[in-house]
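A note on names: the letters A, B, ... follow the listed sequences, proteins ahead of strands, and every chain is numbered from 1. FYI, side chains are in, hydrogens and waters are out, and symmetry mates aren't considered; it's all heavy atoms of this structure.
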Amino acid sequence: MRYEEWNKISRIASRKSLWMLHFCTGCGAVELPPVMTSRYDMERFGMGPMATPRQADVLLITGYLTVKTLKRVVNVYEQMQSPKYVISFGSCPINGGMYWDSYNTVKRLDRYLPVDVYVGGCMPRPEGVMNAFLELMKLIDEGKARGWEKYQKYYEQYKRNQKMAFGFERGKNEGD
Amino acid sequence: MKEYELFIGPQHPGVTGNMMYHLWVDGDTVTKAECNVGYLHRGFEKLMESRNWMQNVPLVCRICVPEPDVNEMAYAMAVEQLMDWEIPERAKYIRVVILELARIAAYLMSIGSYAGSLGIYTLPQWALGDRDYFLDIFEQLTGARVYHIYIWPGGVRWDMPEKLPGLIEKTLSYTEKRLKLYDDVLFKNRIFFDRAVGIGKIPKGKAIEWGVTGPNLRACGYGYDIRKLEPYAVYDDMDFEVIKYPELGDFDVLSDGCDAYTRMIVRRLEIEQSISIVRQALEKMPEGEHIIKHPNWLKWKVPPGYAFKRVESSKGEYGYFVVSDGSNKPVRIHVRGPSYTHGVNVAETILKGANMADVSQILFSLDVCPPDIER
Amino acid sequence: MSVLKPLKAWKHLARKPHTIRYPAQEHLDMEGTRLPTDRLRGFHSNDLEKCIGCRMCGQICMNDAITYEEIPELEGKKGKNIRPVVDYGRCCFCGLCTDICPTNSLHLTPNFKLVSTDKHDYKFMPTQLITKNEDYEVELDKVIFDAKEYKEKF
Amino acid sequence: MKAIEIIGKGEEMHGRAYIPSGREEAGTIIKKLKENGFAHFVMLSCVDWIDKNEFELVYHMWSYEHKEHAMISVRLPRDNPSMFSMHELFPQIETYEREIHEMYGIDFEGNSRLTPFLLEGWHDTPPMRKDFDSKKFAEDVFDSIPEIKEEEDEGI
């Protein structure tokens, strides 16, 4: 079987069994329990929560990210197996949101991690969240959700930005 | 035996949100615990100093995610005190309704996640599903499911829609029916008796000194509730009894209090209490205005002074310390979150000597909510 | 006896689930009202004819989400010919901008669905197009800004 | 007001006792209040009065017996502020002191746990001080981070 065809089949298979990582990074995580449990029940889409990053496919950035969390999120993202996808919730990861002038939150997520799908709203309603899942499935089907390839390709740029946010290049905390 | 270090969180289903506990473990007994927070620190108090009095209203509700209304209430009361405003009667009743509904929703979430930590996965599905009906009410009343921005200084933002009391009554009676099922699955379940009794004990004489508040304090046998001690809104008009250990209704009193078991039973009983308060408030609600006229938001100046207002949230005592110097921006707003003591000092102390398998249920039974530790 | 009590949950096997099968089914509350109702604070809508460009919404917005763009087509109308552009990467849907609006032209609609792969789609000029009533005149459609024009400012 | 009677000074402020105190006597006042029913330590807040060049530490205490709230206010100079730690009286004061040490740079003598609490690797001015400009910091640090430059083409 040729590589492209195999790719296509694996995409169809992975689209129907996306496991999301159970990591509540911000306040958007409060709309995840309704999505995960009986009222919206995302298992209808074949999605389920997964505790370990090694087995998860989707990383949900639920809202704002503080610098301290970003370090963990980057660790977690790098532990995940490819193909892996990132969904960002709400306003904060797009352009800072409510915390646009805060000293401790990173404002634009796409400078540190490749984002596949953005959901609007503060909080996004569960319907919005489900729309994002459906959109991600569509993108995977079409082979367009390629954030992880982008992360590999521009790894140096992403690493540089992450280090800048963590403060290494500001020259103030070399000791860390 | 050799001692191991163990990190629980921030990416872990067994902690109550985005926080971390650093545990030293000997065998499977915890010998030392250290709380590591700051993953959700957004610098609210700094942000509030650079926004004016009205612009802070959408900000404060983001401090506690599962139950945002207590923040709005405490902030609004503090500003009203500084402005010397008397708010309309109807607004007070609507405030009680929404605060109690939010309390029920928060308790359902806490019960659901606690049951999840015991491995009883039926109850998270039920409780969080039923909580969603309360979010439906919030949406029709306030225009948003989670962050309501509804209690404003001077009243409430919108009047209650005419058909809403009917929906609330229907949801409440549905919840009452469901609570019987919860009892069968969790609160009268043998697994719960065997696992929760005597776990996570707060020493009895120490509870007040350690700053334990809310349901956790009432589970220790102290009948202290801010709704009774310092009645705000119209709580002095409502007829309710403070639930405390050992008055646990038709639930068995299996221990001498202060443990995970009693804390969860107190939460379960307070849902019924809240249901009765909502019913009373809906019944007694007068007609009239729902908000007083605000000054121009952009030029609104608040007289100088200190104000401290407390409300009872589902997690414990919430306090807002507001300092104004007479300008259009606050000098300082300090928030006292209930989890500040529960999550850091109390948890660090009572986790010592606990079994590894019980760490998660102790944290869920204390109802630690990291956003209000860090703000 | 309490060992057997949890097994009561089995009777739910025969019950109809309360799950909302979302893409196929609408979100209904307990009484059958369709949600979201009109009160939901979703994306903005602005009546460009009624708006006078007073910049009040931008002043009350604590998130600095509202900027203004000039629309030459509106020359000669009352007020200024600038209209608000909302950055939904900042907006928190609190609705203070709509409450302070002196002409009531800006308001929040129950429209909340916006899922996109491009973050630049989250900055646009709200117009009547996304309002809840479809029966407005559609002549204003042509002044909707293409979000891509704002790329460099974002 | 019971707290004012116990201590012998202070004023009433919106139904709450406000007791100004010196740096040295604060410990005795808090201890005395604790022994006289004010058993619940609510919180420790800090206010930065930059035009008077001083910090104000406010110890909030609540008495379940008298149903009364007391605020003990201690004013410290803004340069090299330091205060005695009171974590022996109430264990949770340790956490409040940790936070205030981090956010305002106030030193608490006797507290051995003044380690970073909420922030990680922070080497700037303590952020809650009034002379720290959060907006400028955010612009300097986060807005200066460049976008990812993508090469055109090839269908990534």
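- For chain A, the nearby part of B:Phe44 is the side chain; its heavy atoms alone come within less than 4.5 Å.
- Neither the backbone nor the side chain of A:Ala29 has a heavy atom closer than 4.5 Å to any heavy atom of chain B.
- Contact of the A:Tyr85 side chain with the A:Met20 side chain is not registered, since no non-hydrogen atoms from C-beta on lie closer than 4.5 Å.
- Paired with A:Tyr103 under the rule side-chain hydrogen bond (donor to acceptor under 3.5 Å, both in side chains), one option of B:His41, B:Arg42, B:Lys46 passes, and it is B:His41.
- With a 4.5 Å cut-off on non-hydrogen atoms, A:Leu65 does not touch chain B at all.
- Salt bridge present: A:Asp101 and B:Arg51 bring a charged side-chain N and a carboxylate O closer than 4.0 Å.
- Neither the backbone nor the side chain of B:Pro371 comes within contact range of chain A; no heavy atom of the residue lies under 4.5 Å from a heavy atom of that chain.
- Comment: B:Arg332 engages B:Glu45 in a salt bridge, judged by a side-chain N to carboxylate O separation of less than 4.0 angstrom.
- Of the atoms belonging to B:Ser50, it is side-chain heavy atoms, and not backbone ones, that fall under 4.5 Å from chain A.
- Contact of B:Leu40 with chain A is made through backbone and side chain together, with heavy-atom distances under 4.5 Å.
- In this structure, OG on B:Ser173 lies 11.5 Å from CD1 on B:Ile168, to the nearest 0.5 angstrom.
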